[in-house]
Amino acid sequence: VKKSSDLIWRNQYQKWSAMPGIQVLLAADVVNEKWPWDQGPVTQLFDKAKISANNAIAMMCGPEKMMTVAAHELTTRGFSDDSIFLSMERNMQCAVGHCGHCQHGSQFVCKNGPVFSFGEVKDTVSLANY
């Protein structure tokens, strides 16, 4: 659960959103009464986002389940698998791909990542896993 109080750039959000060509959309699961943004999952913001899949890329970090749901949602909105990037976190022990702790399908986060295109990992982060 992401709390609005956990977000560290609180003083910057209004400044950023006032800049030309910048759209700031934020959502938190748990909010306080002073939170001026949305409450709920990040995917609810997609309808508000002013983006075109033709000239955009998506870069995500966070819980794997959230990134998977968001990536699938972006593909329904015209994003290609190769224009969506996910930061895959894993417990790395050896950092050279021998121990297997960070293996993600056929990939090793320590050697091949930690950032992968959705196309590279979508078979191992299937919504069926959740």
Is there a path of hydrophobic side-chain contacts, each under 4.5 Å between heavy atoms of I, L, V, M, F, W or Y residues, that connects [X] with [Y]?
X	Y	value
Val24	Leu7	yes
Met88	Phe85	no
Leu86	Met59	no
Met60	Leu26	no
Met66	Val109	yes

What's the spacing between Asp123 CG and Asp81 CG if we round to 0.5 Å?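 That separation rounds to 9.0 Å.
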I need the Asn11 CG to Ile8 CD1 distance, nearest 0.5 Å.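 Reported to 0.5 Å precision, the distance equals 11.0 Å.
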Got a list of side-chain donor-acceptor pairs under 3.5 Å for residues 15-22, not counting sequence neighbours?
unit_1	atom_1	unit_2	atom_2	d
Ser17	OG	Tyr13	O	3.2
Ser17	OG	Gln14	O	2.9

Tell me, please, which residues at least two apart from [X] pass side-chain contact (heavy atoms from CB on, under 4.5 Å).
X	result
Thr76	Glu73
Asn32	Ser4, Arg10, Lys34, Trp35
Glu89	Ser87

Could you pull out every donor-acceptor pair under 3.5 Å between side chains of residues 36-46 and any protein atom, sequence neighbours left out?
unit_1	atom_1	unit_2	atom_2	d
Asp38	OD1	Lys48	NZ	2.7
Asp38	OD2	Lys48	NZ	2.9
Gln39	NE2	Asp29	O	3.0
Gln44	NE2	Gln39	O	2.9

Under 4.5 Å side-chain linkage, directly or through intermediates, the cluster mates of Val96: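 When side chains under 4.5 Å apart are linked, Val96 ends up in no cluster with other residues.
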Taking Ser83 for its side chain and Phe79 for its backbone only, find out whether a donor-acceptor pair lies under 3.5 Å.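 Answer holds: no.
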How about Arg77 and Asp47: do any of their side-chain heavy atoms sit closer than 4.5 Å?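 In short, these two side chains touch, coming nearer than 4.5 Å.
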Are side-chain heavy atoms of Met67 and Val121 found at a separation under 4.5 Å?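 A side-chain contact is absent here, since even the closest heavy-atom pair is not under 4.5 Å.
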Do you know the tightest heavy-atom contact between Cys99 and Cys94?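 Heavy atoms only, the tightest pair is N-SG, 3.4 Å.
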Of all the heavy-atom pairs spanning Ala28 and Lys3, show the shortest one and how long it is.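 Of all heavy-atom pairs spanning Ala28 and Lys3, the closest is CB-C, 4.0 Å.
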When the aromatic ring centroids of Phe118 and His72 are compared, is their separation below 6.0 Å?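 Between Phe118 and His72, the centre distance is under 6.0 Å.
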